[in-house]
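These numbers come from a predicted model, not from an experiment. Computation of the quantities below employed the complete heavy-atom set of this structure, encompassing side-chain atoms and omitting hydrogens, waters and symmetry-equivalent molecules. Reminder, nothing fancy here: chain letters follow the sequence lines and each chain counts from 1.
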Amino acid sequence: MPVFALCDANNFYCSCERVFAPHLRGVPVVVLSNNDGCCIARSQEAKDLGIKMGDPWFKIERWAVGKGVRHFSSNYVLYGDMSRRLYEVLQRFSPRVEPYSIDEMFLDLDGLGVDLIDRGRAIRAAILQETKIPTCVGIGETKTKAKLANFLAKKRPEYAGVCDLRSPDACARLYPTIPLGEVWGIGRASAAKLQALGLSTVADLAGFDVTHGRDVLTVTGARVIMELQGQCCHDLSLISPQRKGISVTRTFGASVTEWEELKESVSTFATRAGDKLRQHGLLACAMTVFIQTNRFLPGEFYSNAATFGIEPTQDSLLLIRDALRGVKLLFRNGFKYWKAGVMLDDLIDAKTAAAQMFPSRDPEKSARLMAAMDGINSRFGRGMVRPAVSGVERRWTAKAEFLSPRYTTRIEELPTVRA
DNA sequence: TCTGGGGTCCTAGGACCC
DNA sequence: TCTGGGGTCCTAGGACCC
């Protein structure tokens with residue numbers, strides 16, 4: 001029987017900022033999204049003041065500052081680094097650690113043969129001491145139960161940050177006290193459906209017939225129910241699966257009306273997307289670009305997107321070219337653009353693709369060719385240099401002919417109008 | 001008039017997550 | 001003036017094929 005622990009950092013982004021500003025302990029802190037748009041993390045004190053996730057900063061700024069709230073622009077490099085440190089500490093407690101998100105890690109505690117509550121306390125203490133980040137630990141025989149235990153560890157002071165939901169006793173006592181919307185995988189829509197059927201607590205959900213559950217919530221819901229009952233449907237995954245898509249999207253600080261300005265932004269997005277592709281050693285075969293006006297403003301709302309196949313590439317210059325061609329089709333004069341983005345799909349492994357693209361060459365040589373291109377791209381950072389190896393480009397173009405013409409550009413003729 | 005059946009592939013859209 | 005960004009999975013239904 002596996003035993004999962006979920007270690008989840010408390011108010012992670014805020015806690016990271018406090019590591020370097022210890023005087024802010026006890027002070028309400030929020031971390032803001034891109035362009036300081038809205039609150040994406042809140043310290044406990046900020047939550048206690050009633051600040052909600054996603055609250056637009058411009059709406060609450062005056063009031064919040066008056067209440068002594070301190071705010072930070074988000075710093076993902078810092079958070080990523082702190083996350084890695086958490087991971088390193090956890091690896092000392094179990095050889096099997098799965099980073100689930102930037103601030104959450106699953107551990108396999110099976111076979112440790114010790115008091116797991118004690119073990120949870122030790123984990124918290126080690127992380128706090130070495131990274132200054134407070135965490136909570138939830139324990140269960142399925143991931144879903146570990147998540148739920150973590151929720152209790154966070155919300156109910158009597159657990160002091162560590163909760164074990166493995167025993168039937170604990171479930172019988174606690175399930176009826178938790179609203180079913182707190183369960184991992186039950187969002188707003190599913191919660192509403194279940195409530196319409198008269199279910200309201202986790203106990204109701206755990207006691208729901210699995211087949212019936214599948215009818216109402218599809219197979220995902222059936223798995224949730226089984227996991228609540230202690231039947232494991234999600235194992236630990238120690239190797240991170242290959243990325244399926246990469247996107248770079250932004251709302252603009254100030255609305256954009258000119259083509260030249262939009263072009264500049266979209267070029268930047270495509271460049272960043274290319275950076276990410278090279279980091280992961282991938283090529284993209286399809287692209288989606290979109291532009292939007294501000295849906296929060298009265299008047300006409302315009303939103304449009306184009307999806308099309310591209311030659312398999314990670315080269316930023318080619319990505320920029322394609323993105324601009326796409327967005328040019330979408331651009332309409334007279335709109336105030338508020339948000340745009342570039343999404344890359346149908347990603348393939350660059351090394352494997354190289355071997356397929358140069359079939360007449362030996363694999364060694366294909367790999368060297370790819371490495372040469374990687375070198376060019378990474379040396380110039382932003383992919384502003386095209387692969388100069390003679391013959392390469394011709395071959396890549398030839399390969400494109402073998403791709404099925406799956407992608408067609410879809411352009412709505414008329415802007416959609418919003419009341 | 002009667003109007004198969006089984007299969008695959010693809011996509012849009014919904015839902016959920018952090 | 002100012003309202004985030006980046007992902008994954010599942011399903012229904014259309015297109016197409018034999």
Side-chain angles (χ1 to χ4, degrees), chain A residues 6 8-13 30-42 51-62 64 71-76 79-80 83 98-106 143-144 147 150-151 180-194 214-224 233-234 237 240-256 269 272-273 276 280 286 288 290 292-298 301 305 307-309 336 338-347 404-408 410 412:
Chain A
L6 178 70
D8 186 329
N10 303 348
N11 318 318
F12 184 56
Y13 297 171
V30 295
V31 171
L32 306 176
S33 64
N34 195 266
N35 294 327
D36 290 353
C38 54
C39 301
I40 54 170
R42 306 150 293 150
I51 298 176
K52 299 276 183 299
M53 185 72 170
D55 273 354
W57 181 239
F58 76 92
K59 278 192 178 173
I60 64 165
E61 178 172 11
R62 180 188 289 264
H71 69 283
F72 290 87
S73 301
S74 40
N75 179 352
Y76 294 103
Y79 311 148
S83 180
E98 174 193 338
Y100 170 67
S101 75
I102 196 164
D103 71 330
E104 288 173 68
M105 324 246 164
F106 283 109
K143 283 181 165 180
T144 304
K147 284 279 274 185
N150 192 283
F151 166 80
L180 53 76
E182 300 296 341
V183 175
W184 189 36
I186 303 297
R188 225 180 19 203
S190 301
K193 280 182 198 164
L194 294 168
R214 181 196 288 254
D215 291 342
V216 180
L217 303 177
T218 82
V219 66
T220 352
R223 285 189 199 127
V224 169
C233 304
H234 302 287
S237 58
S240 48
Q242 196 199 279
R243 241 180 232 323
K244 304 211 163 143
I246 279 176
S247 57
V248 179
T249 69
R250 289 286 179 280
T251 50
F252 305 124
S255 57
V256 169
F269 302 160
R272 284 197 195 150
K276 289 191 192 178
H280 291 98
T288 300
F290 74 86
Q292 282 179 12
T293 60
N294 192 339
R295 65 182 192 280
F296 294 103
L297 293 181
F301 172 66
T307 302
F308 42 91
K336 292 181 173 177
W338 170 75
K339 183 174 185 176
V342 172
M343 281 109 83
L344 301 174
D345 276 307
D346 282 19
L347 308 185
S404 65
R406 279 175 47 193
Y407 298 97
T408 49
R410 287 178 292 274
E412 289 166 36

Next item on the list: Measure from CG on Asn35(A) to P on dT1(C) and round the result to the nearest Å.
Entry: 17 Å

Next item on the list: Would you classify Trp184(A) as touching base, sugar-phosphate or nothing, given that sugar-phosphate means primed atoms plus P, OP1 and OP2, and contacts are heavy atoms under 4.0 Å?
Entry: sugar-phosphate

Check: Can you tell me how far C1' in dC16(C) sits from the matching atom in dG4(B), rounded to whole Å?
Finding: 16 Å

Check: With a 4.0 Å cut-off on heavy atoms, is Gly54(A) in touch with a base, just the backbone sugar-phosphate, or nothing at all?
Finding: nothing

Margin query: Would you call the rings of Phe296(A) and Trp338(A) parallel, tilted or perpendicular, taking 30° and 60° as the class edges?
Written below: perpendicular

Notebook entry, point to check: Base, sugar-phosphate alone, or nothing: which one does Ile186(A) contact when heavy atoms must sit under 4.0 Å apart?
Noted result: sugar-phosphate

Next item on the list: Indicate, with a heavy-atom threshold strictly under 4.0 Å, whether Ser74(A) touches base, sugar-phosphate, or nothing.
Entry: nothing

Notebook entry, point to check: When we call it a touch if two heavy atoms are under 4.0 Å apart, what does Lys193(A) touch: a base, just sugar-phosphate, or nothing?
Noted result: nothing

Next item on the list: Looking at every strand, decide which applies to Asp103(A) at a 4.0 Å heavy-atom threshold: base, sugar-phosphate, or nothing.
Entry: sugar-phosphate

Note to self: How long is the straight-line distance from CG of Asp55(A) back to CD of Glu61(A), given to the nearest 0.5 Å?
What the structure shows: 13.0 Å

Notebook entry, point to check: When all nucleic acid strands are considered with a 4.0 Å heavy-atom cut-off, which category describes Asn294(A): base, sugar-phosphate, or nothing?
Noted result: sugar-phosphate

Check: Which is true for Glu104(A) with a 4.0 Å heavy-atom rule: it touches a base, it touches only sugar-phosphate, or it touches nothing?
Finding: sugar-phosphate

Checklist line | Spacing of NZ belonging to Lys276(A) relative to CG belonging to Leu344(A), to within rounding of 0.5 Å | finding: 9.5 Å

Check: What does dC16(C) pair with, Watson-Crick or G-U, if both distances are under 3.5 Å?
Finding: dG7(B)

Check: Rounded to the Å, how far apart are Asp215(A) CG and dA12(C) P?
Finding: 11 Å

Next item on the list: Return the 5'-most residue of the pair Cys38(A), Arg223(A) with respect to DNA chain C, ranking by each residue's nearest nucleotide.
Entry: Cys38(A)

Next item on the list: Could you check whether Gly341(A) gets within reach of a base, just the sugar-phosphate, or nothing at all, counting any heavy atom under 4.0 Å?
Entry: nothing

Next item on the list: Report the distance from atom NZ of Lys59(A) to atom P of dT1(C), rounded to the nearest whole Å.
Entry: 13 Å

Next item on the list: Just call it for Ile246(A): base, sugar-phosphate, or nothing, with non-hydrogen atoms closer than 4.0 Å on any strand.
Entry: sugar-phosphate

Notebook entry, point to check: Aromatic rings Trp184(A) and Tyr100(A): how do their planes relate, parallel, tilted or perpendicular, breaks at 30° and 60°?
Noted result: perpendicular

Item checked: DNA chain C: 5'-proximal contact among Thr249(A) and Thr220(A) (nearest heavy atom) -> Thr249(A)

Notebook entry, point to check: Across the strands shown, which category fits Val31(A) at heavy-atom distances under 4.0 angstrom: base, sugar-phosphate, nothing?
Noted result: nothing

Next item on the list: Using atom CD of Gln242(A) as one end and atom C1' of dT8(C) as the other, report the distance to the nearest whole Å.
Entry: 14 Å

